[in-house]
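The next block holds one structure in the form of structure tokens; read it before the comments.
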Amino acid sequence: MNLFDLAGKVALVTGGNGGIGLGMAEGMASCGATIVISGRNAAKARIALDALQTHGVKAGFIPADVTKKAECEKLVTDTVAQFGRLDILVNNAGTSIRKMPEEYTEAEWHEVLDSNLTSAFLLSQAAYPAMKRSGGGKMINIGSMMSLFGAPYATPYASSKGGIVQMTKALATAWAKDNIQVNAVLPGWIDTDLTKRARQQVSGLHERVEARTPTGRWGTPADMAGVAAFLASAASDFVTGAAIPVDGGYSVGM
């Protein structure tokens with residue numbers, strides 16, 4: 001028995017057209033999963049689909065604004081209609097606005113919370129009936145080092161990512177009876193478009209991350225592939241409610 005075999009499984013990855021989302025999608029595709037990526041940038045999605053199809057699997061793109069309940073429900077409906085089922089959900093869509101806490105507007109607070117936390121809840125809620133009907137499923141929520149640590153420039157982002165961990169635990173306890181495992185991944189400092197902007201905006205960030213990380217480097221999206229394959233597969237059938245750092249040792253370093 002191959003515990004990591006995902007042939008016949010369908011995975012939906014929000015924000016899957018680049019960065020961490022695409023790295024995780026490629027990890028699941030390498031194990032045979034059909035991949036559905038969702039986002040707002042169709043041109044970027046076409047490039048991602050080309051990369052996914054090199055693994056010899058089916059892959060598709062369905063645009064959606066996952067901060068809207070109706071669009072989350074339609075995304076799940078369209079995924080099942082086009083690909084026959086939904087077995088794996090990766091809630092990866094998100095954003096950040098970097099300011100000191102006293103400088104945020106109410107609209108900016110809601111933009112970050114809605115993009116990072118509300119979207120994950122709404123899509124999990126929408127996916128639950130489809131997974132229950134098929135006898136189970138896997139939900140993977142993307143947290144952050146900011147689920148563990150604070151930063152002066154990331155109050156709404158840290159709040160949303162801390163919320164991701166607690167939401168993951170709550171959903172895990174609610175849906176274990178339906179054979180749905182819900183886990184969170186806490187990426188360390190991964191080299192993505194989002195963190196490139198962070199390095200431009202936060203003086204000395206690059207050097208501090210390298211100095212603190214025992215592996216001595218920033219992560220890459222490819223470093224996220226293995227944890228995705230594990231949490232999406234039968235290998236993790238008795239793992240639920242966990243929050244797993246993938247950070248090169250950043251969270252245990254001095």
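All values reported here derive from a predicted model rather than from experimental measurement.
Summarising the local packing, NZ of K44 is surrounded by more than 12 heavy atoms from other residues, nucleotides or ligands at distances under 6.0 Å. When the shell of 6.0 Å around CD of E207 is examined, it contains more than 12 heavy atoms from other residues, nucleotides or ligands.
Using modelled atom types, one finds no donor on one side chain facing an acceptor on the other under 3.5 Å when comparing K9 with T34. Looking only at atom types and distance, the side chain of W218 has a donor-acceptor partner in the side chain of H206 under 3.5 Å away. With 3.5 Å as the limit, one finds a donor-acceptor pair spanning the side chains of K69 and Q125. Remark: the N91 side chain and the S119 side chain contain no N/O donor-acceptor pair separated by less than 3.5 Å.
Taking the six-membered ring for Trp and thresholds of 30 and 60 degrees, Y128 and W175 have nearly parallel ring planes, at less than 30 degrees apart.
Taking 4.0 Å as the cut-off between side-chain N and carboxylate O, D191 and R199 count as a salt-bridged pair. Checked for salt-bridge contact, D65 and R40 meet the test: a charged N lies under 4.0 Å from a carboxylate O.
No single ILVMFWY cluster, assembled from side-chain heavy atoms under 4.5 Å apart, contains both M224 and L186.
Looking only at side-chain heavy atoms (C-beta outward), L117 and M167 come within less than 4.5 Å of each other. Within the 4.5 Å cutoff, side-chain heavy atoms of I140 are placed close to those of V185. Put simply, the side chain of P187 does not reach to within 4.5 Å of the side chain of D247, judged on heavy atoms. Looking only at side-chain heavy atoms (C-beta outward), S124 and L171 come within less than 4.5 Å of each other. Inter-residue side-chain proximity for I62 and I37 is flagged as unmet; no heavy-atom pair is nearer than 4.5 Å. Side-chain contact between V13 and V36 is absent, with no heavy-atom pair separated by less than 4.5 Å. No side-chain heavy atom of I97 sits less than 4.5 Å from a side-chain heavy atom of W109. A 4.5 Å side-chain heavy-atom check between V66 and L122 finds every atom pair outside the cut-off.
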**Message:** Show, in sequence, the C-alpha distance, side-chain angles and deciding distance for L3 and F230, and conclude whether the side chain to side chain contact (heavy atoms under 4.5 Å, CB included) test is met.
**Reply:** CA-CA 9 Å; L3 289 174; F230 169 64; over 6 Å; no

**Asked** Can you list the steps and then say if L52 with L22 is a side chain to side chain contact (heavy atoms under 4.5 Å, CB included)?
**Response** CA-CA 8 Å; L52 290 166; L22 180 55; 4.1 Å; yes

**Prompt:** Checking side-chain hydrogen bond (donor to acceptor under 3.5 Å, both in side chains) for the pair N141/T168: CA distance, chi angles, key distance, verdict?
**Reply:** CA-CA 7 Å; N141 298 319; T168 295; 2.9 Å; yes

**Prompt:** Step by step, would you call I142 with V90 a side chain to side chain contact (heavy atoms under 4.5 Å, CB included)?
**Reply:** CA-CA 8 Å; I142 306 305; V90 180; 4.2 Å; yes

**Asked** Checking side chain to side chain contact (heavy atoms under 4.5 Å, CB included) for the pair L148/M145: CA distance, chi angles, key distance, verdict?
**Response** CA-CA 5 Å; L148 304 174; M145 286 296 98; 4.1 Å; yes

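In terms of heavy atoms, Y157 sits closest to N116 at CD1-ND2, 3.4 Å. Residue L49 comes nearest to F61 through the heavy atom pair CD1-CB, 3.9 Å, listed as atom of the first residue, atom of the second, then distance. Minimum heavy-atom separation, G137 to M131: CA-SD, 3.8 Å. Annotation for V182 and A172: closest pair O-CB, 3.7 Å, computed over non-hydrogen atoms. Nearest heavy atoms, L6 versus S233: CD2-CA, 3.7 Å. Closest approach of T192 to P221, counting heavy atoms only: CG2-CG, 4.5 Å.
Here the straight-line distance linking atom OG1 of T240 with atom NZ of K169 works out to 12.0 Å at 0.5 Å rounding. For the atom pair OH (Y153) and CD (E103), the distance works out to 14.5 Å, reported to the nearest 0.5 Å. For the atom pair CG of L89 and OG1 of T14, the computed distance is 7.0 Å after rounding to the nearest 0.5 Å. Here R98 contributes atom CZ and T155 contributes atom OG1; the two are 13.0 Å apart, rounded to the nearest 0.5 Å. Taken from CG in D50 to CZ in R46, the straight-line distance is 9.5 Å, to the nearest 0.5 Å. Note that the CG atom of L86 and the CZ atom of R133 stand 9.5 Å from one another [nearest 0.5 Å].
Here K99 pairs with E108 under the salt bridge (Lys or Arg N to Asp or Glu O under 4.0 Å) rule; sequence neighbours left out.
Applying the salt bridge (Lys or Arg N to Asp or Glu O under 4.0 Å) test to residues at least two apart or on different chains, the pairs with a partner in residues 209-233 are R217-D223. Every pair passing side chain to side chain donor-acceptor pair (under 3.5 Å) that includes a residue from residues 20-30 is listed here, sequence neighbours excluded: E26-H55.
Without hydrogens or angle criteria, N41 side chain to A43 main chain gives a donor-acceptor distance under 3.5 Å. Without hydrogens or angle criteria, S147 side chain to K161 main chain gives a donor-acceptor distance under 3.5 Å.
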